[in-house]
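First comes the structure, then the notes that go with it.
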Amino acid sequence: MTALLSVRGVSCAFGGLKALNAVSFDVARGEILGIIGPNGAGKSTLFSAISGYVRPDSGEVLLDEADITGRMPEDIARRGLVKTFQTSRPFSSMTFLDNVVVASLASQKNLAGARKHAFRCLEQVGLAQHWDTPARGASTGQRKRLEIGRALATRPRIVLLDEPFGGVDFAAIDGLIALLLTIRDAGVTIVLIEHNLAAVQRFVGRLIAMNLGEKVLEGEPAKVTQDRRVVNAYLGTEDGEDA
Amino acid sequence: MAALLGILLVLPMALSDRPFELRMMVVIFLYAMLGHGWNILGGYAGQISVGHGLFFGLGAYTSTMLSLKLGLNPWFGMAAGGAAAAAAGVLVGIPCFRLKGHYFVIATLVVAESAFQLFAAWDWVGGAMGLQLPVQEQGLLNLQFHRNKVPYYYIALGMLAAVTALVWWLERSRFGYILRALRDDEEAARSLGFSPALYKLLAMALSAGIVGVGGVFFAQYVLFIDPFSVLALSFSVVIALIPILGGAGTVAGPMLGAIVLVPISEYSRVLFSGTGRNVDLLIYGFLIMLISVYRPDGLAGLFRARRERRAYVSG
């Protein structure tokens with residue numbers, strides 16, 4: 001079977017800075033792929049380049065074999081690839097439920113149906129009892145869940161989650177992992193950026209390590225996180241040795 | 001609601017020999033309708049325009065020119081004026097929506113002021129002298145009433161009721177949800193698959209169209225238009241101030257705003273006559289300052305009872 005998402009030699013430069021340098025990888029249907037790397041490795045830029053927020057200078061992005069390189073974010077979202085933001089961005093004047101209703105309206109015109117679907121998505125991310133809470137009063141953990149619920153409500157084929165554990169309580173991480181696994185089991189492919197290596201290793205099928213805009217390594221989580229190049233990228237190199 | 005509407009329906013009986021108050025009511029209805037129009041774009045979609053006088057003027061000029069040059073009926077002129085304003089809204093929107101925040105505001109201001117200068121210098125549309133509508137046989141067909149102005153009252157009230165119903169419906173519709181999402185966070189709305197450009201242009205077309213229809217009504221009511229009365233920048237500001245004072249992004253806002261602002265404007269005109277030009281704007285500005293300090297969500301926030309928690313999803 002061909003890859004659901006295929007990134008081929010994508011490069012992006014901002015001025016003289018090469019934020020991404022010929023990054024390539026495939027994502028299979030139903031997989032959970034993690035992307036790790038130190039700050040400035042180009043992880044978020046990679047997500048932006050895939051989801052249309054940044055136009056790649058070269059390379060191509062294929063979603064289910066269709067070329068989506070350089071298309072508008074809204075167009076790519078309608079094709080079933082939805083990205084969440086590193087700093088969650090709720091619709092602050094709306095309640096939790098209405099935030100998700102908006103997302104449901106992306107895939108259906110009927111408002112009553114959209115509300116039902118939105119409520120189910122809120123239940124799935126564990127926010128149903130707070131449906132009437134204004135989003136501006138949400139805690140960081142709730143915002144992360146809300147954002148995932150909103151992405152789900154669009155009925156995506158693949159979601160790109162930018163640091164879904166960022167700022168989330170240590171105690172809440174187990175719940176979030178269980179949620180991601182449920183989502184995957186429901187048929188949604190997941191690619192996520194994460195700093196929390198301990199958490200990531202527990203549930204991703206595969207890891208990609210990035211550093212300075214390049215893919216350093218790709219493979220099984222245990223192997224990738226113990227690789228010297230990856231450790232060096234995170235901790236810095238000894239004796240000025242090149243990573 | 002019903003009681004208020006009932007009072008408004010019988011009010012002209014008390015006002016039939018009080019032209020000043022009758023006129024004031026007509027202006028309140030008209031301005032509330034303009035405020036509704038502005039509110040769709042400014043309140044719900046969050047795109048603050050201070051150039052909506054352009055659409056008011058375009059509506060007024062379109063129907064008046066169609067009547068003068070082609071002898072067309074004002075009701076046709078109303079449809080044409082609304083359509084012309086909506087089309088102009090889209091044309092203005094395409095470049096201006098590329099700008100965000102304050103830059104968008106300034107762009108709308110510049111476009112409206114350019115239109116003012118253009119119409120003031122354009123002889124074919126009467127230039128600075130303006131256009132006089134020929135007096136025709138009075139009646140609903142010609143949308144002209146000379147001796148008894150009460151019909152204008154009912155037409156304005158009817159138009160306001162229709163637009164209020166439209167906005168009420170819109171607020172609860174798919175379109176309304178998407179507009180509010182765009183206002184709250186455009187990038188987040190894009191990430192869910194909504195095109196900001198498309199929905200902003202739709203909001204602009206509807207917003208401008210409603211204001212354009214208001215312009216046609218105004219032209220038929222006064223039977224004389226010039227750039228100063230329908231295209232002036234201060235008028236654009238008033239169209240925006242009404243819903244902002246009343247409560248942007250609420251159904252009640254434009255109506256509350258008009259009820260407060262129009263009497264201030266009308267009475268200050270009487271009190272200060274010629275020397276008091278724009279004294280009303282001074283008072284508006286003061287009110288806006290008070291509101292933004294004490295009630296940033298507008299007057300509607302004062303009246304808003306704790307919303308019933310409708311259990312529209314059976315939990």
Side-chain angles (χ1 to χ4, degrees), chain A residues 47-48 51-53 72-85 87-95 97-120 122-123 128-129 131-132 135-136 147 150-151 153-156 159-160 162, chain B residues 39 42-48 94 97-98 100 168-203 247-251 253 296-298 300-301 304 306-315:
Chain A
F47 270 19
S48 298
S51 54
Y53 285 90
M72 300 286 240
E74 55 267 31
D75 185 18
I76 293 173
R78 278 197 296 271
R79 289 158 174 260
L81 186 150
V82 175
K83 167 186 130 79
T84 66
F85 296 90
T87 330
S88 50
R89 311 180 71 146
F91 301 124
S92 56
S93 75
M94 301 186 194
T95 62
L97 181 65
D98 282 350
N99 262 272
V100 187
V101 168
V102 171
S104 307
L105 287 168
S107 60
Q108 64 184 115
K109 308 259 180 224
N110 174 290
L111 197 58
R115 285 204 176 108
K116 283 207 188 80
H117 179 59
F119 199 78
R120 278 196 299 272
L122 267 190
E123 276 177 337
Q129 71 275 27
W131 65 273
D132 207 14
R136 67 163 61 87
E147 190 136 315
R150 214 166 56 178
T154 64
R155 303 177 200 268
V159 289
L160 308 187
D162 199 340
Chain B
N39 203 24
Y44 290 102
Q47 306 301 310
I48 308 294
I94 288 171
F97 284 139
R98 302 178 76 92
K100 300 225 157 64
W168 186 89
W169 172 82
L170 192 106
E171 190 180 80
R172 285 150 184 79
S173 72
R174 180 176 189 267
F175 186 51
Y177 268 96
I178 296 169
L179 291 190
R180 272 176 289 153
L182 276 179
R183 175 191 64 193
D184 283 2
D185 194 325
E186 196 174 312
E187 291 309 316
R190 297 186 91 180
S191 78
L192 302 174
F194 300 110
S195 159
L198 172 68
Y199 288 100
K200 281 184 199 170
L201 284 179
L202 286 173
T250 65
V251 178
D297 50 350
R304 187 177 299 139
R306 196 169 166 69
R307 275 208 202 122
E308 273 187 336
R309 298 191 162 188
R310 283 174 304 146
Y312 48 63
V313 174
S314 45

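So that the names make sense, note that chain A is the first sequence line, chain B the second, and so on, each numbered from 1.
Between the side chains of B/Arg183 and A/Ser93, a donor-acceptor pair is found at a separation under 3.5 Å.
Here A/Thr154 pairs with A/Val82, A/Ala103, A/Ala106, A/Pro156, B/Leu192 under the side-chain contact (heavy atoms from CB on, under 4.5 Å) rule; sequence neighbours left out.
Ranked by non-hydrogen atom pairs under 4.5 Å with chain B, the options A/Leu111, A/Val102, A/Asn110 are led by A/Val102. Chosen from A/Glu147, A/Lys83, A/Lys109, the residue pairing most often with chain B at heavy-atom distances under 4.5 Å is A/Lys109.
Using a 4.5 Å cut-off between heavy atoms, A/Arg79 makes no contact with chain B at all. For A/Leu105, the parts lying under 4.5 angstrom from a heavy atom of chain B are both the backbone and the side chain.
By the 30° and 60° cut-offs, the orientation of the rings of A/Phe119 relative to A/Trp131 is perpendicular.
By the 6.0 Å and 45° rule, B/Arg190 does not stack over the aromatic ring of B/Phe194.
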